[in-house]
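First the proteins, then the strands, lettered A, B, ... as listed; each starts at 1.
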Protein chains: 2
Amino acid sequence: MTSTDSSGVRPTRQRRAVAAALEDFDDFRSAQEIHEALKAAGDNVGLSTVYRALQAMADAGELDMLRSEAGEAVYRRCSGSHHHHLVCRVCGATVEVEGPTVERWTRAVAAEHGYADVSHTLEIFGTCARCHRG
Amino acid sequence: MTSTDSSGVRPTRQRRAVAAALEDFDDFRSAQEIHEALKAAGDNVGLSTVYRALQAMADAGELDMLRSEAGEAVYRRCSGSHHHHLVCRVCGATVEVEGPTVERWTRAVAAEHGYADVSHTLEIFGTCARCHRG
DNA sequence: ATTCCGAATGAGAATCATTGTCAAGTCAGC
DNA sequence: GCTGACTTGACAATGATTCTCATTCGGAAT
Ligand SMILES: [Zn+2]
Ligand SMILES: [Zn+2]
Ligand SMILES: [Zn+2]
Ligand SMILES: [Zn+2]
């Protein structure tokens with residue numbers, strides 16, 4: 001029954017720290033950034049451990065991971081349901097978006113070409129209202 | 001104006017070799033793979049040069065670049081117009097797909113949230129007919 | 001509480017793609 | 001044949017991520 005774990009990651013001081021750090025951010029962050037943030041907060045966690053924790057959580061579906069335009073893996077605590085992201089290229093401000101339309105479309109396209117076990121990645125980048133001047 | 005270059009990349013032996021190698025592939029390939037292929041064909045080109053050529057061509061819009069699930073940059077010679085890809089997770093078989101629907105959708109979503117200068121990435125992964133058994 | 005064992009940690013080395021450096025090479029036009 | 005701007009490529013350097021492995025931890029059972 002349960003409490004904090006459910007079926008995901010086993011709670012240790014470090015993993016809890018990483019999870020907590022993610023709650024403090026609203027945008028996508030890299031492993032290194034999380035590591036920094038923890039260190040700054042006096043909450044020391046080894047870099048390897050941060051990497052492992054993030055991957056484990058992402059595998060458990062507790063986090064969303066995507067690659068920044070520079071190719072680095074960045075993570076974010078998101079809602080449980082399937083969605084995509086609208087990300088500000090400048091400040092990182094992120095909005096979760098859902099689109100039954102695209103979901104349907106990707107499925108249709110895949111089927112049409114005989115592809116099975118379909119998955120997809122879709123991210124939208126732009127500059128948010130605050131950043132693109134006003 | 002103009003012959004083979006127009007505004008893109010200046011033709012040298014090496015760059016022509018890289019371009020030619022890409023014609024021989026139908027799927028996305030990494031810089032290292034191109035480099036290998038060239039070496040195998042006796043057409044020696046320095047690795048740095050391959051990287052530079054690929055980036056230049058991608059910048060010039062002559063190539064499509066995306067990140068494999070492992071995060072490496074992979075390139076492919078594609079049609080000029082805007083499109084996305086349906087990629088076989090197993091063999092790499094790639095199909096270019098277009099979807100006015102999604103284009104419209106991303107634009108609408110971005111506008112709705114006040115984001116400007118919008119761009120997007122969308123790739124569909126699956127196993128092609130030949131690969132997912134038969 | 002104490003014991004026990006597999007899972008988790010972390011310091012540091014090892015990988016690996018990508019980028020930087022810079023001396024030598026290429027080529028066009030003078 | 002000389003000059004200068006652009007290219008090349010061997011090699012070093014970077015930087016993110018992964019691996020190693022001795023040590024520590026958590027927590028279930030005693
Ligand atoms: Zn998300
Ligand atoms: Zn912004
Ligand atoms: Zn393409
Ligand atoms: Zn296939």
Which residues pass the ring pair (Phe, Tyr, Trp, His ring centres under 6.0 Å) test with B:F28, sequence neighbours left out? B:H85
Identify whether any heavy atom of A:T49 sits under 4.0 Å from a base atom; if not, whether one sits that close to sugar-phosphate; answer base, sugar-phosphate or nothing. base
Sequence neighbours left out, cut at 3.5 Å: what donor-acceptor pairs do the side chains of residues 30-45 of chain A make with other protein atoms?
unit_1	atom_1	unit_2	atom_2	d
A:S30	OG	A:E33	N	3.1
A:Q32	NE2	A:Y51	OH	3.2
A:E33	OE1	A:S30	N	2.9
A:H35	NE2	A:V45	O	3.2
A:D43	OD1	A:R13	NH1	3.2

Considering only Ile, Leu, Val, Met, Phe, Trp and Tyr, and joining two whenever side-chain heavy atoms are under 4.5 Å apart, list the other residues clustered with A:V87. A:F125
Through direct or indirect side-chain contacts below 4.5 angstrom among Ile, Leu, Val, Met, Phe, Trp and Tyr, which residues connect to A:V102? A:L86, A:V95, A:V97, A:W105, A:V109, A:Y115, A:V118, A:L122, A:I124, B:L86, B:V95, B:V97, B:V102, B:W105, B:V109, B:Y115, B:V118, B:L122, B:I124
If you restrict it to nitrogen or oxygen atoms, what contacts under 3.5 Å exist between nucleotides 15-21 of chain D and the protein, and what is each distance?
unit_1	atom_1	unit_2	atom_2	d
D:dA16	O5'	A:Q32	NE2	3.4
D:dT17	OP1	A:A73	N	3.0
D:dT17	OP2	A:Y51	OH	2.8
D:dT18	OP1	A:Q55	NE2	3.3
D:dT18	OP2	A:Q55	NE2	2.6
D:dC19	N4	A:S48	OG	3.1

Checking A:R77 now: which residues fulfil salt bridge (charged side-chain N to carboxylate O under 4.0 Å, His left out) with it, not counting sequence neighbours? A:E23
Going by the rule salt bridge (charged side-chain N to carboxylate O under 4.0 Å, His left out), which residues pair with A:D117 if we only count those two or more places apart in sequence or in a different chain? none
Would you grab the first and last nucleotide of DNA chain C (5' to 3') that comes under 4.0 Å of any non-hydrogen atom in chain B? C:dA17 to C:dT21
Transitively linked via ILVMFWY side-chain contacts under 4.5 Å: B:V50 with B:F25? yes
Enumerate the salt bridge (charged side-chain N to carboxylate O under 4.0 Å, His left out) contacts for residues 89-112 of chain B, please, sequence neighbours excluded, ordered by first and then second residue. B:R76-B:E96
Check the phosphate of D:dG9 against B:R13, side-chain N and O only, distance under 4.0 Å to OP1 or OP2. Yes or no? yes
Could you tell me how far apart B:Q14 (CD) and D:dT8 (P) are, to the nearest whole angstrom? 5 Å
Spacing of B:N44 atom CG relative to D:dT7 atom C1', expressed in whole Å: 16 Å
